[in-house]
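A short worksheet on the structure shown next.
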2 protein chains.
Amino acid sequence: MTGIADVARVTGVSMATVSRALRGLPNVSEDTRRSIREAADRLGYVPSSNASGLATGRTMAMGVVVPNVSRWFYTSVLEGIDAELRPMGYDTILFNLGVRGEDRERVFHRSILRKRVDAVIALCLDFTATEREQLASLGYPTVVVGGPVRGLRHIGVDEFGVARAATEHLIGLGHVAIGHLGGEEERGLNKRVPQRRRAGYARAMQAAGLEVRPEWTVTGAFEITDAREAALRMLDVEQRPTAVFAASDEMAIGAMLAARELGISVPGELSVIGIDNHPLADVFDLTTLAQDPYAQGALAASMMLDELSGAPARSRSVTVRTALIERGSTTSLARAAG
Amino acid sequence: MTGIADVARVTGVSMATVSRALRGLPNVSEDTRRSIREAADRLGYVPSSNASGLATGRTMAMGVVVPNVSRWFYTSVLEGIDAELRPMGYDTILFNLGVRGEDRERVFHRSILRKRVDAVIALCLDFTATEREQLASLGYPTVVVGGPVRGLRHIGVDEFGVARAATEHLIGLGHVAIGHLGGEEERGLNKRVPQRRRAGYARAMQAAGLEVRPEWTVTGAFEITDAREAALRMLDVEQRPTAVFAASDEMAIGAMLAARELGISVPGELSVIGIDNHPLADVFDLTTLAQDPYAQGALAASMMLDELSGAPARSRSVTVRTALIERGSTTSLARAAG
DNA sequence: TTGAAAGCGCTAACAT
DNA sequence: ATGTTAGCGCTTTCAA
């Protein structure tokens with residue numbers, strides 16, 4: 001394994017000069033730099049990140065904690081983070097908590113806390129008080145993407161507002177019998193996301209003087225398959241809603257599949273609206289409130305990088321915009337009836 | 001930042017003993033160990049992975065190179081890898097090549113090759129000769145998951161065989177007009193996967209004396225949305241096939257969506273078979289040849305771990321099994337016609 | 001512009 | 001069972 005000393009020996013300069021030359025620092029003559037670069041290439045020298053990390057105190061790695069990597073939202077944020085990080089020479093260390101969070105304790109103690117990363121970005125997680133303390137005491141810049149978390153700043157949409165807007169869109173179309181397909185409050189995940197969305201729905205209904213019927217407010221996981229089953233329960237009854245607001249596009253698509261199976265036409269007999277603008281929303285002609293998780297991830301990453309390079313930490317959370325995209329899955333009650 | 005020296009001082013023992021105690025090595029009395037553990041906890045001591053990595057020569061990190069994290073196959077493999085690694089104290093460093101592979105060069109030079117990882121698992125990648133040399137010269141154990149790659153062992157299904165089996169299933173049902181929705185040969189990715197699957201299809205057709213019509217062999221990306229468009233092209237014609245073999249379930253679902261849009265009933269007028277057993281295959285009642293990417297990832301990870309712990313490197317590739325899962329998207333031509 | 005040398009925080013012989 | 005000490009490979013003063 002060729003090290004910096006080998007390059008130095010071959011080039012006939014000191015290790016210090018090699019180090020400077022290779023990192024593009026000033027005060028190295030162009031000639032020296034060139035010959036050092038060439039020798040390094042020829043010898044196949046690659047610096048050890050452990051050694052430089054130990055010397056500088058920087059790991060050049062970002063810890064990203066994700067509940068899983070099967071939902072579109074998480075993977076999109078992840079790609080946004082990685083894309084922002086890579087050009088800066090930062091690596092992404094993925095901490096997957098696992099479906100049931102089995103690995104959570106392990107992730108925290110053995111890994112994140114091993115000074116392996118310079119900063120931590122967490123996706124839709126809720127932290128325990130202890131976990132927050134540990135993060136804080138290690139001095140890691142930390143930010144959460146997707147959903148407000150107490151004690152930590154976050155980047156995300158206005159969960160309440162977006163849900164309210166979605167519901168109001170249906171109300172604006174004349175619907176009065178509106179159901180809500182809500183996300184599950186998973187253990188360890190940020191419960192406030194499904195909660196705030198449900199609350200936004202309820203507020204919109206209430207503000208319009210509409211009845212929130214318990215049997216029309218069902219809960220499923222945030223995925224297509226589970227949402228489909230939940231929707232089957234909601235829709236396969238005598239009195240069903242004429243419109244459904246789903247807490248995510250994946251859930252909305254699950255609802256559309258359920259409707260199709262039950263012979264309920266969308267939007268003829270049922271309007272469906274979601275949140276996200278998932279790639280499949282277009283294929284399914286789904287009306288939705290679009291958000292951009294890739295951009296949220298990129299923003300989170302650049303915030304962390306800024307702070308690592310000495311910028312003052314801005315403790316404020318960032319609320320990103322959403323936009324209504326009207327497609328064919330919603331229609332006015334009048335038109336549907338007619 | 002409290003270090004091992006602080007713990008040693010507080011406990012009144014040497015750094016070596018602290019190191020031993022905390023890593024669970026033998027030759028430390030239970031009393032000492034207990035008091036050391038306690039002091040470490042109290043002081044909030046966390047070891048520096050850089051320092052220990054530098055001292056041991058082990059990074060306790062696995063590099064995982066992925067084309068992207070938006071396809072089910074990749075994320076499933078990733079979860080399998082991570083699940084296997086985590087209990088062993090290994091972290092997963094994610095190298096996302098980016099949609100168009102923009103970051104490929106950067107990943108190779110700046111990151112993987114920085115001795116940041118102990119081994120490398122690559123997903124469905126093709127390596128250039130130079131890249132292989134670099135990996136080899138650094139002495140990283142390496143394995144590819146998903147698709148044969150020249151010069152490296154791999155873990156994956158028999159691409160040719162599984163495609164042939166899928167096609168033969170359709171033939172066995174009496175179909176003669178069988179189309180193939182093939183995967184795209186993306187730059188930098190393992191082209192042999194789509195190629196071998198196409199070849200398996202062609203062989204099955206040929207062996208049965210059936211005609212492979214060029215206009216029935218279309219190519220799309222491995223995703224639902226693109227596959228849907230490709231399928232629209234294939235199916236929206238006068239003479240269309242009565243069955244389609246898609247190179248993945250995501251593509252098969254794209255085909256089913258396209259069929260639905262064109263008013264072609266599945267399986268009444270069109271049988272569809274895929275490969276994968278994607279979670280949505282069940283929802284869409286899709287016949288498929290199941291594979292288990294999670295297990296493939298776990299296997300890859302444990303192979304790497306074994307070799308890192310001194311086991312002899314087994315250079316042989318591993319072919320994993322697939323299983324036909326018959327669902328409602330395929331039916332015999334006779335029944336469909338009748 | 002370049003070099004010498006002292007760490008960074010830990011592990012692993014080797015002693016005791 | 002525990003302590004001493006010499007690195008691991010780099011960066012970074014401080015000198016020259």
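Convention: sequence-line order gives letters A, B, ...; per-chain numbering from 1.
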Quiz item: Passes side chain to side chain contact (heavy atoms under 4.5 Å, CB included), A:Leu94 versus A:Leu78? Steps please.
Solution: CA-CA 9 Å; A:Leu94 187 67; A:Leu78 190 56; 3.9 Å; yes
Exercise. List the steps, then state whether side chain to side chain contact (heavy atoms under 4.5 Å, CB included) holds for A:Gln296 with A:Val157.
Key: CA-CA 9 Å; A:Gln296 293 173 42; A:Val157 302; 4.2 Å; yes
Exercise. Check the pair B:Arg58, B:Asp118 against side chain to side chain contact (heavy atoms under 4.5 Å, CB included), reporting the backbone distance first and the verdict last.
Key: CA-CA 6 Å; B:Arg58 278 251 177 293; B:Asp118 294 335; 3.7 Å; yes
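A 4.0 Å heavy-atom criterion places the boundary nucleotides of DNA chain C facing chain B at C:dG9 to C:dA13, written 5' to 3'.
Among the protein residues, B:Arg23 comes within range of the sugar-phosphate backbone only, with heavy atoms under 4.0 Å from sugar or phosphate atoms but none that close to a base.
If you check residues 32-54 of chain B against DNA chain D, the residues with a heavy atom closer than 4.0 Å are B:Thr32, B:Leu54, listed by number. Within residues 2-16 of chain B, the residues having any heavy atom under 4.0 Å from DNA chain D are, by residue number, B:Gly12, B:Val13, B:Ser14, B:Ala16.
Without hydrogens or angle criteria, A:Asp126 side chain to A:Val149 main chain gives no donor-acceptor distance under 3.5 Å. Judged purely by atom type and a 3.5 angstrom limit, A:Arg86 has no side-chain atom pairing as donor or acceptor with the backbone of A:Thr92.
In this structure, A:Asn27 places its CG atom 14 Å from P of D:dT13, rounding to the nearest Å. Protein atom CE of A:Met60 is 11 Å distant from nucleotide atom P of D:dT11, rounded to whole Å.
Summarising the geometry of A:Leu85 relative to A:Asp91, their closest heavy-atom pair is CD2-O, 4.3 Å, with the distance given to 0.1 Å. Taking each heavy atom of A:Val144 and A:Leu152 in turn, the nearest pair found is CG2-CD1, 3.9 Å.
Using a cutoff of 4.0 Å between basic side-chain nitrogens and carboxylate oxygens, A:Glu307 and A:Arg153 are scored as salt-bridged.
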